[in-house]
Number of protein chains: 2
Amino acid sequence: MNASRTARERVRAELIREITDIARRRLATEGAGGLSLRAVARDMGMVSSAIYRYFPSRDDLLTALIIDGYNAIGEAVETADAACARDDFTGRWLAVCHAVRTWALDHPHEYALLYGSPVPGYQAPEDTIGPASRDTMVYGRIISEAQAAGRLNPPAMCPAPPGLLSSDADAVRSVMPGVSDDVVARGVVAWTGLFGMVNFELFGQFNNVIRHRRELFEHNMLCLAALLGLPA
Amino acid sequence: MNASRTARERVRAELIREITDIARRRLATEGAGGLSLRAVARDMGMVSSAIYRYFPSRDDLLTALIIDGYNAIGEAVETADAACARDDFTGRWLAVCHAVRTWALDHPHEYALLYGSPVPGYQAPEDTIGPASRDTMVYGRIISEAQAAGRLNPPAMCPAPPGLLSSDADAVRSVMPGVSDDVVARGVVAWTGLFGMVNFELFGQFNNVIRHRRELFEHNMLCLAALLGLPA
DNA sequence: GCTCGTCAAGAGCAGTGCTCTCTTTTTGTG
DNA sequence: CACAAAAAGAGAGCACTGCTCTTGACGAGC
């Protein structure tokens with residue numbers, strides 16, 4: 001009986017996988033707003049109402065895609081980091097930056113779903129926050145390990161962070177242990193700077209202005225690395 | 001005849017203004033995806049088809065809102081900058097940062113329309129690129145004037161920008177004349193860093209992590225000011 | 001006064017998310 | 001093996017969307 005129940009479960013899981021695959025493909029061509037359950041159903045030769053057996057609403061399908069997306073970019077970042085020498089902290093940071101940018105360029109609509117404007121009327125459920133931090137955890141580990149190795153020497157240029165921020169710094173330190181409030185703040189600058197750069201490129205703010213985007217990106221990420229105090 | 005034609009034109013212009021006002025109000029509550037011409041028409045006691053006399057398509061209405069939005073944030077940035085002493089370059093930068101952030105928090109959906117993911121299926125027409133750079137021009141002027149006043153002393157920490165980037169730097173220098181390639185690159189870092197920070201706050205990446213957002217924002221913008229070489 | 005352009009109004013098309021009912025298929029159990 | 005229960009598919013239907021087309025009224029210029 002366990003096997004038979006698994007049989008049904010298996011075809012169900014298979015269908016769910018197929019639905020998300022088709023939805024992802026449609027997402028890539030039409031964008032998040034053009035994602036329609038009816039169209040997905042049509043693509044699989046299913047009647048529109050049947051799809052509600054698998055995803056009770058459009059938002060649930062969206063949630064599945066978001067979780068998959070976070071896991072995909074998280075995995076991309078993890079493998080990029082893993083390919084570097086452990087003590088090449090700047091190289092690891094740069095690899096993470098390029099992994100984020102490359103994944104974003106390869107999956108623009110999925111990236112927009114994760115880091116762009118929230119889909120109107122859609123509220124991200126709790127299930128997304130776990131996968132959502134996979135990439136950030138890799139980043140935090142790099143900083144922490146650089147700190148622990150004594151290779152993190154942030155140049156004295158930023159003002160001291162206001163003491164008010166130490167409680168927030170504690171929260172950040174859960175993914176980036178062992179660093180000072182100052183490094184936490186710089187860490188947020190670099191991390192948001194990375195995504196700010198990717199957003200500008202992807203969302204069109206660089207159109208007709210910046211042509212050598214990869215080069216500028218890499219150079220700017222090195223600037224942020226210097227701000228972080230990673231070795232040159 | 002000129003007066004009468006003007007009379008007609010006047011009521012037409014008045015209606016267009018009313019439509020965009022209502023659309024903006026709906027945008028604020030429903031978001032870009034929920035912007036519906038029929039709903040706007042209903043709000044003004046108009047039959048849905050009549051609205052197409054004024055905006056031939058939903059995208060045209062969106063374009064109008066985008067242009068208005070760029071002008072609004074541009075104006076906010078301009079007045080914030082104008083309120084500062086001309087030679088307080090760091091203060092002007094900080095004022096610009098806060099103006100962007102405050103405007104974004106006050107008009108989240110409009111901001112998302114401008115700096116968030118592009119609306120699927122919507123292609124921004126040429127008319128938007130002028131107003132789109134109002135805020136950037138203020139920013140560029142601050143950097144240029146600081147440079148001209150000899151108050152821009154970027155700390156030696158970034159690597160030299162690759163020569164490949166000098167053509168892109170020329171393009172950027174059209175809004176930020178008189179600065180080196182190095183300053184151009186740092187300028188892009190700071191500008192994208194500003195919007196990266198605002199995006200993270202607005203799009204939810206700081207949820208459950210950062211509580212003192214204004215304080216962290218200001219501190220981080222000061223870090224970026226230091227990276228730019230603005231006086232402390 | 002008549003014509004012509006502008007506008008409001010309505011019907012209609014194709015599409016959407018989602019719900020309901022009805023039927024078929026599959027499954028675990030007496 | 002037969003049968004009730006659970007799950008899935010199919011279809012109709014509701015209220016909504018953007019957009020088009022036609023019809024009829026109104027006002028300005030010849």
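Here is how names work: the chains are called A, B, and so on, in the same order as the sequence lines, proteins then strands, and each is numbered from 1.
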Protein-nucleotide distance (R58(A), atom CZ; dT19(C), atom P), rounded to Å: 14 Å
Y52(B) OH - dT22(D) C1' separation (whole Å): 16 Å
Indicate whether the side chain of D60(A) and that of S57(A) have a donor and an acceptor atom separated by less than 3.5 Å. yes
Would you kindly check whether a donor in the side chain of R38(A) faces an acceptor in the base of dG17(C), or vice versa, at under 3.5 angstrom? yes
Rounding to a whole Å, what distance do you find between Y54(B):OH and dC19(D):C1'? 18 Å
Toward the 5' end of DNA chain D, by each residue's nearest nucleotide, S57(B) or V47(A): V47(A)
In whole angstrom, what separates R12(A)'s CZ from dA6(D)'s C1'? 12 Å
Step through the shown structure and confirm whether more than 12 heavy atoms of other residues, nucleotides or ligands are within 6.0 Å of CE on M46(A). yes
When the ring planes of W93(B) and Y139(B) are compared, do they come out parallel, tilted or perpendicular, using 30° and 60° as the limits? tilted
Angle between ring planes, Y111(B) versus F195(B), binned at 30° and 60°: parallel, tilted or perpendicular? parallel
Counting only side-chain heavy atoms from C-beta out, which of dA10(D), dA8(C), dT16(C) sits nearest to R53(A)? dA10(D)
What is the distance, to the nearest angstrom, from the CE atom on M46(B) to the P atom on dC7(C)? 9 Å
How many whole angstroms separate atom CZ of R26(B) from atom C1' of dG18(D)? 15 Å
Short side-chain N/O contact to dC18(C) OP1/OP2 from S49(A), under 4.0 Å: no
5' priority, DNA chain D, between P56(B) and R42(B) [closest heavy atom]: R42(B)
